[in-house]
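Remarks on the structure that follows.
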Amino acid sequence: QQQVKQSPQSLIVQKGGISIINCAYENTAFDYFPWYQQFPGKGPALLIAIRPDVSEKKEGRFTISFNKSAKQFSLHIMDSQPGDSATYFCAAGGSYQLTFGKGTKLSVIP
Amino acid sequence: DTGVSQDPRHKITKRGQNVTFRCDPISEHNRLYWYRQTLGQGPEFLTYFQNEAQLEKSRLLSDRFSAERPKGSFSTLEIQRTEQGDSAMYLCASSLGQAALTQYFGPGTRLLVL
């Protein structure tokens with residue numbers, strides 16, 4: 001049973017465009033939703049996170065939108081840059097462990 | 001750099017051998033986690049410690065796997081009688097106190113079992 005579903009699997013965006021990655025979760029006990037960025041051969045790096053008491057959180061070019069009733073959340077990367085090319089993982093947590101999506105490979109082309 | 005560190009970064013071993021990985025968490029972080037990541041997948045939870053106590057183990061953690069955090073600081077993950085299916089990236093993460101879910105990951109140890 002996949003508790004966190006992430007889409008799309010891969011995404012190609014032109015430089016300066018908006019990258020949008022979506023996730024859906026099933027377990028209503030989840031109350032923490034982070035996004036991680038991972039480059040090849042490296043560990044995941046925490047980008048931004050949200051709790052369900054807010055519908056949106058913005059940090060620089062990264063924004064999380066959260067829809068509690070739909071059990072969905074998304075990552076928006078504004079003004080996407082080639083350096084943003086990486087794999088992005090959404091995750092959800094309820095007490096101690098994080099449950100991750102399968103990842104989205106983002107390629108930003110010049 | 002005071003981030004999470006892991007050693008070794010890469011390990012190649014033959015099937016049936018034992019391997020041990022080490023994780024040093026961020027200073028003062030009392031919680032330490034082990035995750036496993038296979039190609040094309042997100043990290044999967046294996047186990048976690050609060051200080052020196054191992055509080056939870058995933059069903060993914062077979063009896064060939066053992067983890068310790070003897071003094072509540074660094075941790076080791078040992079895999080006995082390795083199998084080809086153990087080939088993966090083993091990730092360590094740490095967090096602090098009430099922000100338990102704000103987990104910071106290390107660079108991982110890439111294991112290849114031949």
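Residue numbering restarts at 1 for every chain, and letters A, B, ... go by the order of the sequence lines.
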Filtered by a 4.5 Å non-hydrogen cutoff, the part of residues 42-57 of chain A contacting chain B is Lys42(A), Gly43(A), Pro44(A), Leu46(A)
message = For residues Leu101(B) and Leu32(B): do they belong to one hydrophobic cluster (side chain heavy atoms under 4.5 Å, members Ile, Leu, Val, Met, Phe, Trp, Tyr)?
response = no
State yes or no: do Leu91(B) and Phe49(B) share one hydrophobic cluster built from I, L, V, M, F, W and Y residues joined by side-chain heavy-atom distances below 4.5 Å, directly or via other members? no
When the 4.5 angstrom heavy-atom criterion is applied to Gln37(B) and chain A, the contacting part is side chain
Query raised in the report: Have Asn67(A) and Ser69(A) got a donor and an acceptor in their side chains that come within less than 3.5 Å?
Result: yes
Residues of residues 54-81 of chain B with a heavy atom under 4.5 Å from any heavy atom of chain A, in residue-number order, are Glu56(B)
Ordered numerically, the heavy-atom neighbours of chain B under 4.5 Å found in residues 76-99 of chain A are Phe89(A), Gly93(A), Gly94(A), Ser95(A), Tyr96(A), Gln97(A), Leu98(A)
Counting heavy-atom pairs under 4.5 Å with chain A, the top scorer among Pro43(B), Gly106(B), Gly108(B) is Pro43(B)
query: Can you find a heavy atom in the side chain of Tyr48(B) that is under 4.5 Å from one in the side chain of Arg31(B)?
result: yes
How far apart are the C-alpha atoms of Phe30(A) and Gln3(A), what are their side-chain angles, what is the distance that settles it, and do they pass the side chain to side chain contact (heavy atoms under 4.5 Å, CB included) test?
CA-CA 10 Å; Phe30(A) 290 146; Gln3(A) 294 197 57; 3.6 Å; yes
Quiz item: Out of curiosity, does Ile20(A) fall in the hydrophobic cluster containing Leu75(A) (side-chain heavy atoms, cut-off under 4.5 Å, transitive links)?
Solution: no
Within residues 31-41 of chain A, the residues sitting under 4.5 Å from chain B by heavy atom, in sequence order, are Asp31(A), Tyr32(A), Tyr36(A), Gln38(A), Gly41(A)
Check your understanding: In terms of hydrophobic clustering (I, L, V, M, F, W, Y; side-chain heavy atoms under 4.5 Å; direct or indirect links), are Tyr104(B) and Phe21(B) co-clustered?
Key -> no
_Quick check on the hydrophobic clustering: are Phe45(B) and Leu111(B) connected, directly or via other members, by side-chain heavy-atom contacts under 4.5 Å?_
no
Test item: Thr28(A) and Lys71(A) side chains (from C-beta on) under 4.5 Å apart, heavy atoms
yes
Measure the shortest side-chain to side-chain distance between Phe73(A) and Ser65(A) over non-hydrogen atoms and say whether it is less than 4.5 angstrom. no
